[in-house]
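Contents: one structure, followed by commentary.
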Amino acid sequence: MKMPSNITLVAGLMAIVTFVTYAPVLEAGFVGYDDAVYVTSNHAVQGGLNWQAMVWASGATLDGNWFPLTWLSHLADCHLYGLKPAGHHLTNLLLHIATTLVLLGLLNRITGDLWPSAVAAALFALHPLHVESVAWIAERKDVLSALFGMLTLWAFVRYAAVVQGRFRVAAGWYLLSLLLFLCGLMSKPMLVTLPFVMLLLDWWPLRRVQRSSVTRLLLEKAPFFLVTTVSCWITFSVQKQGGAMAGTEQFSLAARAANALVAYVRYLGKTFWPQDLAVFYPHPGSWPAWAVGAAAVLLVGISVVAVFRAGRQPYLLVGWFWYLGMLVPVIGLVQVGLQAMADRYTYLPLIGIFLLAAWGALDWRRRHPQQAALIIGCVAVVLMGCVIATRAQLRHWQNGLALFERALAVTPANAVSLTELGNALEGLGRIDEAMQRYRQALDLEPDDARANYNLANCLFERKQLAEAVNHFQRALESAPPAFATQTRNNLAVALAQLGRANEAAGHFRKVLASEPDNAKVHDNLALVLSEPGETNEAVRHFAELVRLKPDDARAHYDLALAELDIGQDGPALAHLRRALTLQPTLLTQINNRAWLLATHPDASARNGKKAIVLARAVLEDPGLRRSWVLDTLAAAYAEVGQFASATNYAKQALFLARAADDLALGEEISHRLALYHQGQPYREPPRKP
């Protein structure tokens, strides 16, 4: 029996330890923060894998990003697991483990050193800074793109091994690497600097720079750089269009550059001492000059040492510039969002630091063999510390409440976390506490669109409409385009309930200008237009609603009522019949409306002609003939002065009532029949106050 190789044993052990370490995540729920955008409130995703959804995924630019493969992975999860969070978490965890194993195999293949490869991969697998990427379902893009990134490097290394000899084989590996790179960018554009990592690997450990000219190696990467350029252009365009780059306008270039320098050092600090981790770190706006200067000196100093020692300790240069280079897309020079930094941004960049540390330990052991036991002990302690810290960090990712309570504990002046904590509390029905958190967020950031919007919704539910309108308007002033539509719609609904119909209609029209197929807004606008008497436009919007929702009985019913208002009796009757076919229970509602139109004591509220159409719509179906419907039709004909018809239908109603032994209704119909014989319509007695 053939024994498994060392790397197979190490890989198996690493997979088991990683799974056990992260096992608590399988009991975690959705956290609300972006999980709603990606899964729980995304109806396109919840439908699972189907042709229409896959077409949507290919072009979706939701949340200011374009990553069709990430959307496909969410579609697949919903197809397999529905909205059970354990399945979604399991996918993230399995992707993380797969990336770890590919990284292990890659490092071992290109260096031939198993144990430092294992240490670097284990640090990647177990470091608490990576909890955010693994435990956050919305960060599927991180773990998916990372796997494609490592596979890209793996295929590139296979290409580099045969490029000098077997052209066809080399071409196959090269094209595979390029395809995997494209897949990675279609999962998350974080990989745009991966071609630079390839150049670093050419230096060490592949040592191709010594065998090939730099020009040749650069030309070899040209297709990768071309794909990177296209990806950057797409990302920039989509994020600008989606309003994700508001932070670039809010912070000056100098402020962004200063924060970038400090963030590089802060990431290093949290790498070596991972405490006070939070899901959101507020941007300070500016940093003290001494902090920026010290960060610059440290970064430049380490870079100089890495370059100076590149010949004797090439892993220093590769590890350090891997870290610096892979953080460039997210370091904040182009500010996406309002955060100063984010743990998830370290997911791939920290591989450089782990590589540096692992081969640094190997180098130290070779120089000081008598300290081998000490080095092994230190590595074991560090890895055990990572396991403990990661397990502790996972507790904060069990739900949104725990996540943002922790964030506020370590970053108190945090408007985003206050808003998200409010959102979590609102989801638990703790509305008063949620509103308090929203108001605290607005004390810090008065123009925060999300806090204003959430508070406005709470106020709307509490019927505090005037204050709700105020906060909806403030939210609308700073809301990004994708968020502005829903904000404007809710503002319009609140205005309508305040009786400000014209203002409401104006906002609904603006929503439809950007979303012409929004059925709900067509419905809302049509209802608003029905009030001031702009019925012709109301009919057009109800007709659009019927086009968009042809099987919605309520839509047909509302369209019929609007058509009756403008004298289109024939179409109205057809839509009433369709409404009753779709929802027979509308019978009672239609009859009650017809009864009021025929018998209301206030002349301005009566309309016998409309009452006749409504009652006839019910009687078209023999199965729906009722004594009380015939009674209504009789009253309607009496209202328009057609007493012969009124008498005829009243007699039919009386016959059915007596046949059903409904003596009370029969007595009432007899009373009304006597009035019709005398040429008098029936009037419902006024209600007592």
Side-chain angles (χ1 to χ4, degrees), residues 26 28-96 98 134 136-148 151 179-180 182-189 231 234-235 237-239 241-242 244 481-483 485-486 489 511-512 514-523 544-556 578 581-583:
L26 301 179
F30 295 103
V31 298
Y33 187 44
D34 280 1
D35 281 353
V37 174
Y38 287 87
V39 181
T40 57
S41 296
N42 191 319
H43 299 297
V45 170
Q46 291 172 15
L49 283 172
N50 57 68
W51 178 249
Q52 183 179 1
M54 288 189 286
V55 171
W56 170 84
S58 67
T61 57
L62 198 64
D63 199 33
N65 287 287
W66 180 73
F67 29 59
L69 292 187
T70 295
W71 286 123
L72 287 174
S73 75
H74 285 302
L75 287 169
D77 272 6
C78 285
H79 195 85
L80 292 172
Y81 313 119
L83 291 180
K84 297 176 181 177
H88 298 257
H89 283 301
L90 177 62
T91 300
N92 269 24
L93 177 52
L94 293 178
L95 287 170
H96 177 60
V134 181
W136 193 0
I137 291 170
E139 277 308 303
R140 170 66 51 76
K141 51 186 179 286
D142 242 13
V143 290
L144 185 61
S145 66
L147 178 57
F148 280 120
L151 289 172
L179 176 62
L180 289 167
L182 181 61
C183 290
L185 292 173
M186 292 170 68
S187 303
K188 183 180 181 180
S231 178
I234 292 174
T235 301
S237 301
V238 170
Q239 289 185 338
Q241 181 182 3
F483 183 49
T485 299
Q486 186 60 44
N489 178 73
V511 173
L512 289 175
S514 59
E515 294 188 6
D517 289 337
N518 190 318
K520 183 61 178 177
V521 178
H522 279 293
D523 190 15
E544 276 296 294
L545 177 61
V546 167
R547 180 184 69 82
L548 295 166
K549 303 177 71 175
D551 295 328
D552 188 324
R554 175 64 57 179
H556 286 277
R578 179 60 177 159
T581 300
L582 292 168
Q583 187 178 332

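Hydrogens, waters and symmetry mates are skipped; everything else that's a heavy atom, side chains included, is used. Bear in mind the structure is a predicted one, so any value in this text is a computation, not a measurement. For this chain, numbers begin at 1 and follow the sequence in order.
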How would you list, by chain and number, every residue that makes a side chain to side chain donor-acceptor pair (under 3.5 Å) with Gln46, sequence neighbours excluded? none
Which residues satisfy the side chain to side chain donor-acceptor pair (under 3.5 Å) test with His556, sequence neighbours excluded? His575
Test item: His89 side-chain N/O and Gly29 main-chain N/O as donor-acceptor pair under 3.5 Å: yes
Hey, could you give me the OG1/CG distance between Thr581 and Asp551, rounded to the nearest 0.5 Å? 11.0 Å
Contact summary for Ala57 and Leu75, nearest pair of heavy atoms: CB-CD1, 4.0 Å
Which pairs pass salt bridge (charged side-chain N to carboxylate O under 4.0 Å, His left out) with one or both residues in residues 37-55, sequence neighbours excluded? none
Who passes side-chain contact (heavy atoms from CB on, under 4.5 Å) against Ser187, sequence neighbours left out? Leu69, Thr70, Leu144, Ser145, Phe148
Ring pair (Phe, Tyr, Trp, His ring centres under 6.0 Å) partners of His96, counting only residues at least two apart: Tyr22, Phe124, Tyr347
To check you understand the geometry: which heavy-atom pair defines the closest contact between Val39 and Cys78, and what is its length? CG1-SG, 3.9 Å
Do Leu548 and His522 make a side-chain contact, defined as non-hydrogen atoms from C-beta onward lying under 4.5 Å apart? yes
Please list, chain by chain and in numerical order, all residues satisfying salt bridge (Lys or Arg N to Asp or Glu O under 4.0 Å) with Asp35, sequence neighbours excluded. none
Using the test salt bridge (Lys or Arg N to Asp or Glu O under 4.0 Å), find all partners of Lys141 that sit at least two apart in sequence or belong to another chain. Glu139
Students often mix this up, so state it plainly: with edges at 30° and 60°, are the rings of Trp71 and Tyr38 parallel, tilted or perpendicular? parallel
Here the pair of heavy atoms bringing Thr485 nearest to Ser514 is OG1-OG, 3.9 Å
Partner set under side-chain contact (heavy atoms from CB on, under 4.5 Å) for Pro68, not counting sequence neighbours: Trp66, Met186
Within this structure, what is the CG-CG distance for the pair Asp142 and Asn92, rounded to the nearest 0.5 Å? 9.0 Å
Between Ile137 and His88, the two heavy atoms sitting closest are CD1-CB, 3.6 Å
Run the side-chain contact (heavy atoms from CB on, under 4.5 Å) test against Lys549 and tell me which residues pass, sequence neighbours left out. Ala519, Leu545, Asp552
Mind checking side chain to side chain donor-acceptor pair (under 3.5 Å) for Arg547 and listing every partner two or more places apart, or none if nothing turns up? Asp517, Glu544
Apply side chain to side chain donor-acceptor pair (under 3.5 Å) to Ser73 and list each qualifying residue two or more places apart in sequence or on a separate chain. Arg140
Across all chains, not counting sequence neighbours, the side-chain contact (heavy atoms from CB on, under 4.5 Å) partners of Ser231 are Leu185, Pro189, Val192, Thr235
Closest non-hydrogen atom pair, Leu180 against Leu151: CD1-O, 3.5 Å
In terms of heavy-atom contacts, Leu72 and Leu49 come closest through O-CD2, 4.2 Å
d(Lys520 NZ, Glu515 CD) to nearest 0.5 Å is 14.0 Å
